[in-house]
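For reference, the structure discussed in these notes is given below.
Chain letters run A, B, ... following the sequence lines, proteins first, then strands; residues in each count from 1. Since the structure is predicted, the reported quantities are computational estimates derived from the model, not experimental observations.
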Amino acid sequence: MRISRSFGKTLREAPAEAETISHQLLVRAGFIQQLAAGLYQFLPLGWRSQRKIAEIIRQEMDAAGALEVNMPVVQPRELWEQSGRADTFFPPLATFEDRRNRKLILAPTHEEAVTTMVKANISSYRDLPVNLYQIQTKFRDETRPRAGLLRTREFMMKDAYSFDADEEALDLSYIAMVEAYKKIFARCGLDVTMVDADSGGIGGKDSQEFVLLAENGEDVVLLCDHGDYGANVEKAEFVKKPNPPEEPLEIEEIATPGVTTIEELAESLGIPTNKTAKAVFYTVDGDVVIVTIRGDLDVNEAKLRNLLGGIEPRFSTAEEVAKSGLVAGSASAVGLDHIRSIVDDSITLGANLVAGANKEGYHLKNVNFPRDFKADIVADIATARPGDTCPIDGGRLEARRGIEVGHVFKLGTGYSESLDAKFLDAQGESHPIIMGCYGIGVSRLLGAIVEAYHDERGMILPKAIAPYAVYLASLNVDDDEVVSKADQLYEDLTAAGVEVLYDDRDEKPGVKFNDADLIGLPLRVVVSRRGLGNGEIELKGRTEEKASYVAVGDAVSAIQDRLE
RNA sequence: CGGGGAGUGGCGCAGCCUGGUAGCGCACCUGCUUUGGGAGCAGGGGGUCAUCGGUUCAAAUCCGGUCUCCCCGACCA
């Protein structure tokens, strides 16, 4: 493509609203343009890059045995009422009415639609397994779209759904997708980290996330420094350090006027925080629940939610706390038999803790579990932190920020049950189909790539997803020889199947070099009067400091070699 | 939804405090010169100053409402 005939131009300065580096660079390079908050238009360069990503995904999904389909973005709201998600999905479904006053929604995801598609076409175990995918627009009315393509309201997603007859088959489908994802990201030229993930309110036993590590990422992941464990902070497990063993002592009330936090308590008594028990109140389905955890740890709400069967807990309000007879700042589960109690297993790793006395200004020494209070559930509900011990090999966990570019999880039978998608097994018995789902944020991926791969001059695009492979610049367009040689090279490269963005504008060299760096194609090729004087063409990789030179006659093959 | 910031040619900004009919840089058009890291000179085109209302002889500027965008938080495939 000749730049003189293309559409979209580069900007010296980014719009003031673009703060994230990928957002700035994508706008400045003329890849995308904002239409409204969280809504972007793709210009030719950006769309070309997007299509390349989609094509890689398509090839690998096909190779993994998945079949491409297409489902509507506009769907009857009724379908979502059947699955039970019409009112619970967050962010709320974008709903509107058609001319016959039927309620329609813009689909934020496609489990309902695909399950309906499968239901009509699958009736026997002989029809399974099946894996269907699409590359499709989604709409989610996000509370706060941000950071350019990293969190938009309308976005492009590849979503795949597997359907199996039993758990073992689901495991195979899942593994096939994980392997396909690894290939996809590798082919895109990306170093993507796979971590254990929270499966969310949907449930299901396994879930993993594919994260591109980047400073601006929204996700926090914990990685073992030995490289054998990684997990989203919502999911991460760790080895809790036990307190030194002690004989349980008699419980004892002590006055602690004005002390309401764990830090104050530990300081005033001269003890470490792991010798205290922290009580936190959550409201779940309208009831207050008391959660007890060792003072040196924090509650992980995602783990708590999973423990509660997917119900989202929230901090109780001051009124709710007071109404339950709890004393904020001096509370504990001791003596509170009427309130549901959840205990983190860290409480079992020490004796003689200091806990609230449920009386303002007083705490209790030598509190021991289960001697002094009950638990309805004991489980791991603690948040892992950097420096904690890896659950696999005792290594040290380190925190990194990243951008979630893919997510796979085992759904189970939730949708096939609510939407009645069943199959008959060999014995003629009916079962709900077992599902998995597998997403890749296609438009987000472009933003994530730029976020992770850029320098002060512009983007550094991996070859596989760059809109063109070569930035060909002619430097002295008043020189007929330069123009004819550059034109010829452009023709020859194009004929040889090399994708070339040809900067044939009448611009100063500096303008062309700067645009080349900004757009960040892998290889820059320069035809100039000076070079031709030596019978040479100049080649420079985007990340190379110095250019190299090849004879004019060898240019095409040399460029092809460089792109290998 | 809570907190903060901002809306002035395509982009970046000044002007607002102290009202007097809009300016700078980039980009764009014409001409000449220039040509290896965002050229120079000369001439030129383009703005309902987000919007609605109020105050005033007069509003980009003062007052009020509304809308939009960005950031932090909450939330989040």
Side-chain angles (χ1 to χ4, degrees), chain A residues 8-20 23-24 27-28 30 33-39 85 89-92 107-111 136 138-148 150-160 197-202 207-211 216 218-219 232 234 301-302 305 312 314-315 403-409 411 437-445 456-458 473-479 482-483 503 505-518 524 526-533 536 538 540 545-547 549:
Chain A
K9 64 175 153 188
T10 56
L11 297 175
R12 272 198 206 194
E13 293 179 281
E17 69 252 23
E19 197 157 299
T20 313
H23 187 190
Q24 293 179 346
V27 171
R28 283 188 52 212
Q33 189 175 314
Q34 182 167 5
L35 185 62
L39 302 174
R85 293 208 288 182
F89 198 87
F90 193 93
T109 176
H110 283 75
E111 281 84 5
Q136 173 66 289
K138 313 276 178 190
F139 183 85
R140 297 181 188 176
D141 194 6
E142 294 284 353
T143 43
R144 186 154 88 87
R146 65 177 132 188
L150 297 184
R151 180 166 294 278
T152 56
R153 294 193 291 177
E154 181 178 308
F155 57 99
M156 182 81 69
M157 181 169 173
K158 187 285 299 177
D159 46 326
D198 178 51
S199 51
I202 302 166
S207 177
Q208 276 157 322
E209 238 173 65
F210 293 79
V211 173
N216 274 327
E218 294 181 286
D219 263 25
N232 189 301
E234 294 187 333
E301 292 186 13
R305 178 196 58 213
E312 202 70 50
R314 60 169 174 81
F315 277 124
I403 300 159
E404 178 187 9
V405 292
H407 198 158
V408 295
F409 47 97
L411 284 179
C437 81
Y438 317 93
I440 292 180
V442 181
S443 48
R444 171 184 285 180
L445 194 51
E456 63 288 343
R457 295 189 157 277
S474 54
L475 284 203
N476 319 88
V477 294
D478 58 336
D479 186 319
V482 169
V483 171
D503 192 346
R505 296 172 298 174
D506 180 10
E507 287 289 354
K508 304 275 288 184
V511 173
K512 298 193 175 189
F513 291 150
N514 279 298
D515 278 348
D517 289 340
L518 176 61
R524 190 184 82 190
V526 172
V527 178
S528 68
R529 186 183 293 140
R530 201 173 80 186
L532 291 180
E536 290 175 335
E538 172 188 314
K540 185 174 110 42
E545 276 300 312
K546 296 212 163 180
Y549 299 86

Fill in: Distance in angstrom units between A:Lys508 NZ and B:C26 P, rounded
14 Å

Worksheet item: When rounded to the nearest Å, what value does the distance between C1' atoms of B:U51 and B:A60 take?
Response: 14 Å

Worksheet item: For A:Asn514 and B:G36, what is the distance between atoms CG and C1' respectively, to the nearest whole Å?
Response: 12 Å

Worksheet item: What string of B, S and - do you get for nucleotides 2-16 of chain B, 5' to 3', when a contact is any protein heavy atom under 4.0 Å?
Response: ---------SSS---

Response to the item:
Across every strand shown, the nucleotide meeting Watson-Crick or G-U wobble geometry with B:A74 (both distances under 3.5 Å) is none

Discussion item. Without decimals, in angstroms, what is the distance between A:Asp141 CG and B:C1 P?
Written reply: 11 Å

Discussion item. Using a 4.0 Å heavy-atom cut-off, does A:Arg444 contact any base of the nucleic acid, only the sugar-phosphate backbone, or nothing at all?
Written reply: base

Item to complete: Tell me what A:Asp515 touches on the nucleic acid: a base, only sugar-phosphate, or nothing, going by heavy atoms under 4.0 Å.
Response: base

Practice prompt. Please report, rounded to the nearest Å, how far the P atom of B:C69 is from the CD atom of A:Gln33.
Written response: 15 Å

Practice prompt. Counting heavy atoms from C-beta on, name the nucleotide in B:U35, B:G37, B:C26 closest to the side chain of A:Asp478.
Written response: B:U35

Worksheet item: How many angstroms lie between OG1 in A:Thr20 and CZ in A:Arg146, if you round to the nearest 0.5 Å?
Response: 9.0 Å

Worksheet item: Got a donor-acceptor pair under 3.5 Å from the side chain of A:Asp517 to the base of B:G37?
Response: yes

Item to complete: Scan every strand shown for a Watson-Crick or G-U wobble partner of B:C24, both distances under 3.5 Å, and answer none if you come up empty.
Response: B:G12

Worksheet, complete the sentence: Whole-Å distance, A:Asp506 CG to B:U30 P, equals 12 Å

Worksheet item: How far, in whole Å, is B:G54 from B:A59 if one measures between their C1' atoms?
Response: 11 Å

Worksheet item: In whole Å, what separates the C1' atom of B:U34 from that of B:A39?
Response: 7 Å

Discussion item. Using whole Å, what does the distance between atom P of nucleotide B:G38 and atom CZ of A:Phe513 come to?
Written reply: 10 Å

Fill in: Spacing of A:His110 atom NE2 and A:Asp159 atom CG [to the nearest 0.5 Å]
6.5 Å

Discussion item. Just the rounded figure in Å: distance from C1' of B:U35 to CZ of A:Arg530.
Written reply: 12 Å

Discussion item. With a 3.5 Å distance limit and no angle check, can you tell me whether A:Gln208 reaches the backbone of A:Val408 through a side-chain donor-acceptor pair?
Written reply: no

Worksheet item: Which value, in whole Å, describes the distance between the C1' atoms of nucleotides B:C52 and B:C13?
Response: 27 Å

Item to complete: Could you measure between the two C1' atoms, the one in B:U61 and the one in B:G15, and give it in whole Å?
Response: 9 Å

Worksheet, complete the sentence: Under a 3.5 Å limit on both distances, the Watson-Crick or wobble mate of B:C62 is B:G54

Practice prompt. Would you kindly check whether a donor in the side chain of A:Glu507 faces an acceptor in the base of B:G38, or vice versa, at under 3.5 angstrom?
Written response: no

Worksheet entry | Watson-Crick or G-U counterpart of B:G46, or none if no pair lies under 3.5 Å | none

Worksheet item: Can any side-chain N or O of A:Arg28 pair as donor or acceptor with the backbone N or O of A:Leu11 at less than 3.5 Å?
Response: yes

Fill in: Distance (rounded to the nearest 0.5 Å) between A:Asp515 CG and A:Thr10 OG1
3.5 Å

Fill in: Interatomic distance, A:Arg151 CZ vs B:C70 C1' [rounded to whole Å]
16 Å

Worksheet item: Would you find a donor on one side and an acceptor on the other, under 3.5 Å apart, between the side chain of A:Asp479 and the backbone of A:Arg529?
Response: no

Worksheet item: Closer to the 5' end of RNA chain B via nearest nucleotide, is it A:Gln34 or A:Thr10?
Response: A:Thr10

Worksheet item: Between B:A27, B:G37, B:G36, which nucleotide has the shortest distance from any of its atoms to the side chain of A:Arg12?
Response: B:A27

Worksheet item: Expressed in whole Å, how much space separates the P atoms belonging to B:G23 and B:G47?
Response: 13 Å

Worksheet item: With respect to the side chain of A:Phe90, which nucleotide from B:A77, B:C76, B:C26 is positioned closest?
Response: B:C76

Item to complete: Measure from the side chain of A:Arg524, starting at C-beta and using heavy atoms only, and say which of B:C75, B:G36, B:C69 lies closest.
Response: B:G36

Item to complete: Please answer whether the main-chain N or O of A:Arg144 pairs with a side-chain N or O of A:Glu142 as donor and acceptor at a distance below 3.5 Å.
Response: no

Discussion item. Given 3.5 Å as the limit, does a donor-acceptor pair link the side chain of A:Ser443 with the main chain of A:Met156, or not?
Written reply: yes

Worksheet item: Using the P atom in both, what is the distance from B:A58 to B:G53, to the nearest Å?
Response: 16 Å

Worksheet item: Between B:C70, B:G36, B:A77, which nucleotide gets closest to the side-chain atoms of A:Leu475?
Response: B:G36

Worksheet item: Now, which nucleotide makes the Watson-Crick or G-U wobble pair with B:C69, with each of the two distances under 3.5 Å?
Response: B:G5

Worksheet item: Under the 3.5 angstrom rule, does the side chain of A:Lys138 hit a backbone N or O of A:Lys158 as a donor-acceptor pair?
Response: no

Practice prompt. Answer yes or no: is there a donor N or O on one side and an acceptor on the other, between the side chain of A:Arg444 and the main chain of A:Val405, under 3.5 Å?
Written response: no

Fill in: Candidates B:C71, B:G36, B:U35 - which lies nearest the side chain of A:Asn476
B:U35

Worksheet item: Closest nucleotide of RNA chain B for A:Gly441 versus for A:Arg153: which of these residues is on the 5' side?
Response: A:Arg153

Discussion item. Between B:A6 and B:A50, how many Å separate the two P atoms, rounded to a whole number?
Written reply: 14 Å

Worksheet item: What nucleic acid atoms does A:Thr143 come within less than 4.0 Å of, heavy atoms only: base, sugar-phosphate, or nothing?
Response: base

Practice prompt. Looking at every strand, decide which applies to A:Ala147 at a 4.0 Å heavy-atom threshold: base, sugar-phosphate, or nothing.
Written response: sugar-phosphate

